[in-house]
Number of protein chains: 2
Amino acid sequence: MAKTSAGGAQALPLDSIIAGDCIEAMRALPDASIDLIFADPPYNLQLKGELHRPDNSRVDAVDDAWDQFDSFAVYDAFTRAWLAEARRLLKPNGAIWVIGSYHNVFRLGAELQNQGYWILNDVIWRKTNPMPNFRGKRLTNAHETLIWASKSESAKPTFNYEALKALNEGVQMRSDWVLPICTGHERLKGEDGMKAHPTQKPESLLHRVLIGTTNPGDVVLDPFFGTGTTGAVAKMLGRRFIGIEREESYRKVAQRRLDKVRPLSLEALAVSTSKRAEPRVAFGLLVERGMLRPGEELQSLNGRHSAKVRADGTLTAPDVTGSIHQVGARLEGAPSCNGWTYWHFKRDGQNVPIDALRQQIRDEMGE
Amino acid sequence: MAKTSAGGAQALPLDSIIAGDCIEAMRALPDASIDLIFADPPYNLQLKGELHRPDNSRVDAVDDAWDQFDSFAVYDAFTRAWLAEARRLLKPNGAIWVIGSYHNVFRLGAELQNQGYWILNDVIWRKTNPMPNFRGKRLTNAHETLIWASKSESAKPTFNYEALKALNEGVQMRSDWVLPICTGHERLKGEDGMKAHPTQKPESLLHRVLIGTTNPGDVVLDPFFGTGTTGAVAKMLGRRFIGIEREESYRKVAQRRLDKVRPLSLEALAVSTSKRAEPRVAFGLLVERGMLRPGEELQSLNGRHSAKVRADGTLTAPDVTGSIHQVGARLEGAPSCNGWTYWHFKRDGQNVPIDALRQQIRDEMGE
DNA sequence: CTAAACGTTGAATCTTGGT
DNA sequence: CACCAAGATTCAACGTTTA
């Protein structure tokens, strides 16, 4: 595929599965073209014989004295390579999710940090129905760890705070997610009736990831596509996806699965948004519109202070004059203050925050 | 201190706090002398500006000098050094616990693996009452990660499977542990009334670690002793401890704390080793949480019988040991008994059913 | 007296947009 | 990039004061 000189998104093989090795396939994609990467890398290394040690000696699968150090060195080299490609592909405000268990997640996390990714949270997928530890020599391994990281410290990653809060019954989403493992009808079977993939992730997990950290239309890359859970949920949620998968059998199952997915309507895709996404309203507009009269007195939230509205949209109190925020902050001795929720006016004997007037204006603008 | 040629435990400064840097202090201890290490190293939080709650109050951040490192390279070198000393000190079948957050735990885990430690489980401490994310820019950081590792792959670490199972309603203990953070009376205060240490760990966490992975009489080393939670729980549970702490103020608080701890009786310490019927409720959590003290006496509903609480959440009476239900049934000569309503404890001169404590826990967990 | 209201705090990598 | 101002944002557990 030809890259465009601009690295334009039109070069991307959207909504399709690329056959091949994940590192080579990523090399063919343009810089800074991806909004989000979700990666579930293998940790049962079938890499012997296909990779070289850091000193370039070839690792042989059969007769090699395959000690632990070699094993970690090879795994780290593999991790370093695909994470570097992944970072090149991310837009400046892009982010990545990786998932792993204690076998590999510490290598993943350390390498993310080494490459300049900025960890935003680690998230625990707490399985409601894990496989028990049969030998009674360990604790039941009842969770996996996800790491959410932005491309750099200065990035401004997508985070739909209000949508996740709504998913969590009105309290902010925590870093531990309680979700069942993938079983039943959701678990894809091969033609032999056996499970098609050993570690198929539940769609609920991807649903939460994509609702929380992407917007509709975003491009999501999964370099270890497997049976395509990332693609299926992305398509359902109105996101674009690119999958990379080496094994033909997985690609076949994934493509069949994807063909059956019907995207949700735009209406169904709408999520709760934060105030930050709404248009700014100048306090002065409330005065101009006659919603507050110059000279009218406002009361503070706690009732301890008052200030008068002036015709230019500033407030004045005995010792301070300025914006609604500045006056509130000064009177409270606080470094900052949200004047919209701090100041109240009287209507029908009730104290009403001036934020209600702002909301009224926003409602009119939205009509 | 002179090492004995056998590395004998008699050279160990048991049940005391060593003043000084953890690496130097460990160098003075003999090879292969420690059964278990619990380490809560600095997290390298890298906090920048100040953080305020929405009500404008200031968050008291962990900004102590001991948590400051110039780079990952410096932090890694520090980690490498203390983990190497720690490994030298462990007996061949010894094990280590480390605790951290996403800031440092990937460095810890990777270095453990690099040094030949063998990870047995990662364990998630899920906090019932974490600090929220005040700016709505991340997920609530609601957990910390512990890593449990043996000295080598071939080691046979202590694992009290049945005791942990008994603590967990008779089902296998999982890798996610739900426990509150350290607050209230347990949180140690300095003379100024402020918290004595910024990151004091709850005793319930150490209780579970020590019950599960040590035996009475084992030697437990904590190279980052702080205010001595590890020592306090070890002493209570009949384990020996060695603490290393650099800061004099922490040592003073820890020593005062340790002096007040009364070790449990042997009887209370006995830990079940045989299989038995599944208790239906997590009585053990009441013990871990300190709501009932091992050795404490419970009275029967009719006042005719009494039994003692043991550290693994079983009861013992003169002729019978087992779950709260089993012991109640045996003493009454009944086929079954609801231990929750049968057993009572004394609080403020009143007999209160232990069910009240269960209800308290359920309330906390939102059931 | 109790109940309700109010205040405090916890290992935190915690903003955005305009000039 | 620096600087400045607007303005968005919290949950559970304790402890203390008020009604």
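The chains referred to below are lettered A, B, ... by the order of the sequence lines, with proteins before strands, and numbering in each begins at 1.
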Quick one: salt bridge (Lys or Arg N to Asp or Glu O under 4.0 Å) partners of [X], sequence neighbours excluded?
X: A/Glu278; result: A/Arg362
X: B/Arg135; result: none
X: A/Glu162; result: none
X: B/Arg53; result: none

Sort by first number and list every stem of DNA chain C: at least 3 consecutive Watson-Crick or G-U wobble pairs, both distances under 3.5 Å.
-> C:2-10 with D:11-19, C:15-19 with D:2-6
Using a strict heavy-atom distance below 4.0 Å, which residues from [range] are in contact with DNA chain C?
range: residues 191-203 of chain B; value: B/Lys195, B/Pro198, B/Thr199, B/Lys201
range: residues 108-123 of chain A; value: A/Trp118, A/Ile119
range: residues 169-177 of chain A; value: none
range: residues 314-335 of chain A; value: none

Ignoring hydrogens and angles, answer whether the base of D/dA5 and the side-chain atoms of A/Ser336 contain a donor-acceptor pair closer than 3.5 Å.
-> no
For the base of C/dG10, is there a side-chain donor-acceptor partner from B/Arg53 under 3.5 Å away?
->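 Indeed, a donor on one side and an acceptor on the other fall under 3.5 Å apart.
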Using the test ring pair (Phe, Tyr, Trp, His ring centres under 6.0 Å), find all partners of B/Tyr43 that sit at least two apart in sequence or belong to another chain.
-> none
Please tabulate, for the side chains in residues 332-340 of chain A, all donor-acceptor contacts under 3.5 angstrom to protein atoms that are two or more places apart in sequence or on a different chain.
residue, atom, partner, partner atom, Å
A/Glu332, OE2, A/Asn302, ND2, 3.1
A/Glu332, OE2, A/Tyr342, OH, 2.6
A/Asn338, OD1, A/Trp340, N, 3.0

Kindly give the atom pairs (protein nitrogen or oxygen, nucleotide nitrogen or oxygen) under 3.5 Å for nucleotides 15-19 of chain C.
residue, atom, partner, partner atom, Å
C/dT15, OP2, B/Arg135, NH1, 3.1
C/dT15, O3', B/Lys137, NZ, 3.2
C/dT16, OP1, B/Lys137, NZ, 2.9

Reckon A/Glu162 touches a base, only the sugar-phosphate, or nothing at all at heavy-atom distances under 4.0 Å?
-> sugar-phosphate
